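I have placed the structure first, in the form of structure tokens, so that the comments after it can refer back to it.
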Amino acid sequence: MADEERISTAPDGANGAQPAQRPDLFARQRADLAHLRGIGRYRTLSPKSGADFSSNDYLGLAASDELNRIASGIVASGVPVGSGGSRLLRGNCPEHIALERFAAEFFASESALFLSSGFAANSALFATLPQTGDMIVCDELIHASIHDGLRVTRAEHCVVAHNDADAFEDVARAWRRDHPDGRIWIGVESVYSMDGDSAPLADLAAIADRYDAILVIDEAHATGVLGPMGRGLSADLARRDNVISVHTCGKALGCEGALVCAPAVVTEFLVNRARGFIFSTAPSPFIAQLVHETLLFVGRSDYLRAELAANVRLAAQLLEPLGALGGGHIVPLIVGEDRQTMAIAGALQDAGLDVRGIRPPTVPPGTGRLRISITRNVDRTGIARLAELLAELLP
Ligand SMILES: Cc1ncc(COP(=O)(O)O)c(C=O)c1O
């Protein structure tokens, strides 16, 4: 490279030297990292390797020939890669509009809005929609993205015992008595990300009806996998005026982004009030088109769900006798203590099986676990090998 093409990163005229007396500017961050190491909760980024027992790529699409073919076709058709601006300015592309129209039809909602991630969608929903004088009741195991929305909401909020419909009703009944006009918002996941079990959606919808509440269902781990055509577990509640569903596109769909499916007033309100939507570059139109075509493909490809279901059945048969819970495509195996959890996960990784240990604060203290994810990326032999190794490694 010619000298004049080299890019200097040294501050002008300083040759990179720092003032002699500067204190350690990051002392508190270093101390916190040391604390995390001390309590066995330090995290590092490691490259992917080994058989996939940890991704959310349940249908095995993320690196598939099918999605590569769809993506190549989109590139060849000249769809732009970047949106160039926020949706409210120059970034609103025909691909976003077409995807949202299709998603509303596919998920049978009055409208849909595409956001850059499930995290952005959940935090925007809970930060923006509930108003002063409202009450939000969430399951205690709700995802961090919803907690982020709760941090800034102007509404009152509380969490209740996991999957306990009566606990939701108790809060709704008591609160409604003193607040005849406020709105109640109920927040749940259709399939819980770290436990793999499902919310009692029919009971919660009935509670929502009784107390004029709105039920918000995060379908992150069900979209593509469960429900007719992979429409998720909220498919049974489609077209209700008191249900909002969030379908993330980076898990079983193998893409990225999220679709909020809701009555039209809700998406209209988000477009006008959700700061993360308004003040952010629109998602790539290429990705919007990819999500659109992938949804079409996943909807008509029941064989993907059938093949996954066969793996899930085998995993249940082999892993439940070892103490695994769930019976679905997310299989938690509670170990308890953090270091022991990570040691077992490490031994499985050394043996070529990518199983990850999950520790607090992602899960409650004392419930460190192996979160075994069952996908189409593994076969019967891989699942049998996992069961064999676990039988040796578990205390
Ligand atoms: C239940 C749940 N909701 C939302 C999200 C966030 O979705 P995304 O990965 O698209 O940001 C996740 C991600 O792990 C999740 O598990």
Side-chain angles (χ1 to χ4, degrees), residues 43 45 48 52-59 61-62 99 103 107 112-128 136 138-151 159 162-163 185-199 201 204 215-227 232-234 244-262 270 274 276-277 280-284 287-288 290-291 294-295 298 326 328-332 356-364 369 371-375:
R43 302 170 199 232
L45 297 170
K48 291 186 198 208
D52 177 11
F53 285 102
S54 65
S55 79
N56 300 314
D57 181 26
Y58 306 115
L59 297 177
L61 293 180
L99 166 62
F107 292 110
L113 189 68
F114 186 50
L115 288 99
S116 56
S117 72
F119 200 104
N122 275 339
S123 48
L125 269 174
F126 284 87
T128 311
I136 308 171
C138 288
D139 189 285
E140 63 183 340
L141 297 188
I142 207 77
H143 191 256
S145 50
I146 295 179
H147 280 288
D148 265 34
L150 297 183
R151 283 181 186 184
V159 296
H162 178 52
N163 273 348
W185 303 78
I186 296 173
V188 295
E189 292 174 30
S190 57
V191 174
Y192 281 87
S193 56
M194 296 297 148
D195 291 68
D197 54 354
S198 298
L201 292 183
L204 294 168
L215 176 58
V216 184
I217 305 170
D218 178 355
E219 291 264 39
H221 297 277
T223 304
V225 174
L226 300 174
L233 295 179
S234 61
I244 297 171
S245 57
V246 177
H247 298 275
T248 66
C249 312
K251 302 187 191 300
L253 300 184
C255 305
E256 65 180 39
L259 289 151
V260 174
C261 294
L270 291 173
F277 177 87
S280 182
T281 298
S284 150
I287 294 291
L290 184 65
V291 169
T294 301
L295 263 183
V298 164
H329 52 289
I330 298 171
V331 183
R356 304 291 170 107
I358 309 288
R359 292 162 288 179
T362 308
V363 293
R369 67 196 63 188
R371 176 191 185 267
I372 300 165
S373 165
I374 303 300
T375 71

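Atoms within each ligand, like the ligands themselves, are counted from 1 in listed order. For reference, positions follow the sequence shown, starting with 1. Just so it is clear, the model here is predicted, and its values are computed rather than measured.
Scanning the protein heavy atoms around atom 11 (O) of ligand 1, the nearest turns out to be Phe119 N, 2.9 Å. Here the protein heavy atom with the shortest distance to atom 7 (O) of ligand 1 is Gly118 CA, 3.3 Å. Protein heavy atom at the shortest distance from atom 5 (C) of ligand 1 is His143 CE1, 3.4 Å.
Considering all non-hydrogen atoms of both residues, Cys255 and Leu290 come closest at SG-CG, 3.9 Å. When all heavy atoms are compared, the tightest approach of Val191 to Gly196 is CG1-O, 3.9 Å.
Every atom of ligand 1 is numbered from 1 in the order shown, and the set under 4.0 Å from a heavy atom of His221 is 1 (C), 15 (C), 16 (O). Proximity to Asn122 (heavy-atom distance under 4.0 Å) selects the following atoms of ligand 1: 3 (N), 4 (C). Heavy-atom proximity to Ser193, at under 4.0 Å, picks out these atoms of ligand 1: 16 (O).
Looking at Lys251 next to ligand 1, an N or O pair under 3.5 Å apart turns up. Inclusion of Ala220 in the set of residues having an N or O under 3.5 Å from an N or O of ligand 1 is not warranted. By the 3.5 Å distance cut-off applied to N or O atoms, Gly257 is not counted among the residues near ligand 1. Considering both main-chain and side-chain atoms, Ser145 never comes within under 3.5 Å of ligand 1 through any nitrogen or oxygen pair.
The shortest side-chain heavy-atom distance between Ile217 and Ile244 does not fall under the 4.5 Å cut-off.
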Test side chain to side chain donor-acceptor pair (under 3.5 Å) applied to His162 and Asp197, step by step: CA-CA 10 Å; His162 178 52; Asp197 54 354; 2.7 Å; yes
Ser245 vs Glu219, side chain to side chain donor-acceptor pair (under 3.5 Å): CA-CA, chis, key distance, verdict: CA-CA 7 Å; Ser245 57; Glu219 291 264 39; 5.5 Å; no
Criterion side chain to side chain donor-acceptor pair (under 3.5 Å) on Ser55 and Asp52, from CA distance to verdict: CA-CA 6 Å; Ser55 79; Asp52 177 11; 2.6 Å; yes
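Ring geometry for Phe119 against His143 counts as perpendicular: the plane angle is over 60°, on a 0 to 90° scale with 30° as the lower cut.
A donor-acceptor contact closer than 3.5 angstrom is absent between the side chains of Ser123 and Asp148.
Compare Ile330, Thr362, Asp218 by their heavy atoms: the one nearest to atom 3 (N) of ligand 1 is in Asp218.
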